[in-house]
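Each remark here refers to the structure printed beneath this line.
Hydrogens, waters and symmetry mates play no part in the numbers below; they use all other heavy atoms, side chains included.
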Amino acid sequence: MMGQDNNAVTFEMKLSKPKLGLNERLRVDFIMNRDGDNFSPPDFNGFKVVMGPSQSISSSWINGVRSYSKSYSYTLSPTARGKFTIKQASIVIGGETYKSLAQNVEVTAAVDKPSDQMTADDIADENLHLVAEISKTNPYLNEAITIIYKLYVSPDIRVSNYQPLDNPTYNNFWSQDIKVNMLSAQNGTYKGKPYRYVILKRVVLYPQKSRKLNIEPLSLEVTVDVPTARRDFFGQRMYAQTNKTVSAGSRTINVKALPLDNQPADFNGAVGDFDFAVTTSKTSLNASESLQATVEVSGKGNLKLFKLPEPELPSALEVYEPEFTEGVRTTLAGMQGKVSNQYTIVPSFRGKYPISPLSFSYFNPSTGKYKTLTSDEIVINVLEGPLSASSNSDANTNSSKQSVISSGNEFNFLKLTPNLTSKSASYFFNSPSFYAWLLSPLLLIPLAIFFRKRRDSIAGDIVGNKIKKANKLARKYLSAARKQLGNKESFYVALERALHNYLKAKLKIETSEFSKDKITELLTEKQIDDTTVNSFIALLKNCEAARYSPFSNVQMQADYDKASEVISIMDKQL
């Protein structure tokens, strides 16, 4: 009997299952929201009471409202096959008698694996699932896809802890983790059944090769509390704890190549939906003054994975190396923002100098077509300053020719009376110079012996030479990272590229396609000591962590010094 409002009395019967095998058990709960007396159970025709009645009471106060629940529970074992009816039970609450509704139960032949005899591991397997939800399985090359890892948990079990066992490396993908700030359970369904789930990991990927690419599975070790048929002294259900390993399973992404038909000649790999602009800070100035020309691409797509077009400027304009600016954020929708190159231009001569239109081509995966954007021509007007050499030559060409008039003194520079005087002849033989050159080889012998010994000593200092060579090598590979100290993202990108380039040069392999475990294995095979290998891997991890974690200038300097030290040590061992 059920009431229609919050203050109404409820008394109902719940069955663990409507259908069971002859060798299974049935749990029957009689639940009420008020305390009562004179509880009268049904006769359970067709069943034998294995356990019960067990009584449990739950009472709490929430926002000043009392919540109360009391139940009588029975565990039944069927005695025969067939269809049976669990009849009404009754109880007296507040002087009135309440009865539960009767329910039907079907008993079938014995089953191979009785559900009530399942182990804790079996129950955890059926009620715990790790799923990798992929936004798109057939993207274009360099088109963004998203992977969301969800852990689904049935209401019948509880998860008390988890830890990752194996994280995917996403080989052949550019990847960016989207940080999950807080684990929050949400209601959902899994294969049509109600479940709770939490989002554990979110990743944005840009495939770098056009073929079938495998995504490695994410694996977790989960501590699960599974309910048992036992109850404690207070009638509360007891749980068995077990550890289970769950995996999202390996997934395959079929990456489509970009079409070759109608591909623009200036296409350099941009995929997305973009805007393009070329602007200057001013168009009129004087010679030796400077202006800034900016080439900018904005929009949504693989903004970090293509090269900006370079402007072609007249030779009379002095152009400095561009300053690259990146304002890109990565969300579940992919990269969006803008990237730009800013050129500083200084004209040397007066005149008008056109900057030719610049084009930028990209592939739009939504339309499956290429699009080319072209900037307008910009004319730089230099108002004041010297004329160029070409202008002067033109002026000289236009000037009238003048005839040469002889003055009669054209050859006055010739000396007609030299006043030469004779000098006594000297001979080299038996002169002091003769004897000096004769004896000098004998004097050079001790010096030659000294310098040879010194050269052999330096050549024999193998350790010292290796240290010098290694330090020079470290400066070579880390020079780009040193220039970016203070700029977190650019510094760690340059540092990671330097570490991979060093291994590429020393091991003759493409280490950028290897996971950190594979790099560790390769270095160990080369007999690099464990301390150095761990330091090298720690630097790679810092480069990845810098994408989404704050790093101070002190930390960047420490990582730079550590990288120089590690490269020097490794070069002595390789």
Side-chain angles (χ1 to χ4, degrees), residues 113 115 118-139 144-209 211-227 239-255 332 513-521 537 540-541 544-545 548:
K113 189 175 184 180
S115 60
M118 294 172 66
T119 65
D121 286 345
D122 294 333
I123 296 174
D125 284 338
E126 290 190 359
N127 294 276
L128 187 69
H129 309 280
L130 182 61
V131 178
E133 296 182 354
I134 300 180
S135 62
K136 199 169 188 178
T137 57
N138 59 337
I145 62 173
T146 304
I147 301 181
I148 300 178
Y149 294 92
K150 294 181 179 180
L151 181 64
Y152 284 88
V153 182
S154 168
D156 298 332
I157 63 173
R158 301 184 303 200
V159 171
S160 56
N161 193 19
Y162 80 93
Q163 61 179 359
L165 292 179
D166 189 18
N167 279 311
T169 56
Y170 308 114
N171 292 330
N172 300 317
F173 290 91
W174 183 94
S175 63
Q176 174 72 61
D177 281 348
I178 306 299
K179 187 176 181 181
V180 178
N181 294 321
M182 183 176 64
L183 296 180
S184 176
Q186 303 178 51
N187 292 321
T189 59
Y190 180 79
K191 293 184 177 180
K193 296 181 180 179
Y195 271 77
R196 300 275 286 171
Y197 71 88
V198 291
I199 296 176
L200 301 178
K201 184 181 178 70
R202 300 179 298 181
V203 186
V204 174
L205 303 177
Y206 284 84
Q208 299 299 292
K209 292 186 178 179
R211 63 170 189 243
K212 289 186 177 180
L213 301 179
N214 291 324
I215 296 179
E216 299 173 356
L218 171 67
S219 298
L220 305 175
E221 183 179 27
V222 185
T223 302
V224 183
D225 297 328
V226 178
Y239 286 79
Q241 192 173 84
T242 183
N243 291 325
K244 293 299 298 179
T245 299
V246 292
S247 174
S250 180
R251 301 293 297 272
T252 300
I253 306 297
N254 185 22
V255 183
L332 285 177
E513 297 184 1
F514 288 164
S515 65
K516 289 184 283 296
D517 292 340
K518 184 63 176 179
I519 292 175
T520 301
E521 180 182 344
I537 298 303
L540 290 177
K541 290 181 178 179
E544 294 179 358
Y548 50 86

Checklist outcome for this item: For N171 and E216, the nearest pair of non-hydrogen atoms, with its separation, is ND2-OE2, 4.1 Å
Checklist outcome for this item: Shortest non-hydrogen pair, V180 vs I199, comes out as CG1-O, 3.6 Å
Checklist entry - Which heavy atom in I519 sits nearest to a heavy atom in L540, and how many Å separate them? => result CD1-CD1, 4.0 Å
Next on the checklist: Between R211 and N172, is there a side-chain heavy-atom distance shorter than 4.5 Å?
Outcome noted: yes
Checklist entry - Parallel, tilted or perpendicular for Y197 and Y152, by the 30°/60° rule? => result tilted
Checklist entry - With distance as the sole test, does R251 use its side chain to make a donor-acceptor pair with the main-chain N or O of I134 at under 3.5 Å? => result no
Checklist outcome for this item: Taken to the nearest 0.5 Å, the spacing of E133 CD from I148 CD1 works out to 6.5 Å
Checklist entry - For the residue pair T146 and L332, what are the closest heavy atoms and their distance? => result OG1-O, 2.7 Å
Next on the checklist: Among V204, V203, I147, I215, exactly one meets side chain to side chain contact (heavy atoms under 4.5 Å, CB included) together with F173. Which residue is that?
Outcome noted: I215
Checklist entry - Under the side chain to side chain contact (heavy atoms under 4.5 Å, CB included) criterion, do I157 and D225 qualify, and how do the steps go? => result CA-CA 6 Å; I157 63 173; D225 297 328; over 6 Å; no
Next on the checklist: Using side chain to side chain contact (heavy atoms under 4.5 Å, CB included), reason through L200 and L220 one step at a time and then give a plain yes or no.
Outcome noted: CA-CA 10 Å; L200 301 178; L220 305 175; 3.2 Å; yes
Next on the checklist: Other residues, nucleotides and ligands only: do more than 12 of their heavy atoms fall within 6.0 Å of NZ on K193?
Outcome noted: no
Item to check | Steps toward side chain to side chain contact (heavy atoms under 4.5 Å, CB included) verdict (V153, V222) | outcome: CA-CA 11 Å; V153 182; V222 185; over 6 Å; no
Checklist entry - When you look at N254 and T137, which way does the side chain to side chain contact (heavy atoms under 4.5 Å, CB included) test go after all the steps? => result CA-CA 6 Å; N254 185 22; T137 57; over 6 Å; no
Item to check | Minimum heavy-atom distance Y195-N127, with the two atoms named | outcome: CE2-O, 3.7 Å
Checklist entry - How close do P207 and L213 get, heavy atom to heavy atom, and via which atoms? => result CB-CD1, 4.1 Å
Next on the checklist: Checking the side chain of R158 only, and the main-chain atoms of V224 only, is there a donor and an acceptor separated by less than 3.5 Å?
Outcome noted: no
Next on the checklist: Are Y149 and P164 packed together at the side-chain level, in the sense that at least one heavy-atom pair is separated by less than 4.5 angstrom?
Outcome noted: no
Item to check | Point-to-point distance, once rounded to the nearest 0.5 Å, from NZ of K201 to CG of L130 | outcome: 11.5 Å
Checklist entry - At what distance, to the nearest 0.5 angstrom, does CD of Q176 lie from CZ of R202? => result 11.5 Å
Checklist entry - Rounded to the nearest 0.5 Å, how far apart are OG1 of T245 and CG of L128? => result 10.5 Å
Item to check | Residues forming a side-chain hydrogen bond (donor to acceptor under 3.5 Å, both in side chains) with T223, sequence neighbours excluded | outcome: N243
Item to check | Euclidean distance, D177 CG relative to Y170 OH, rounded to 0.5 Å | outcome: 6.5 Å
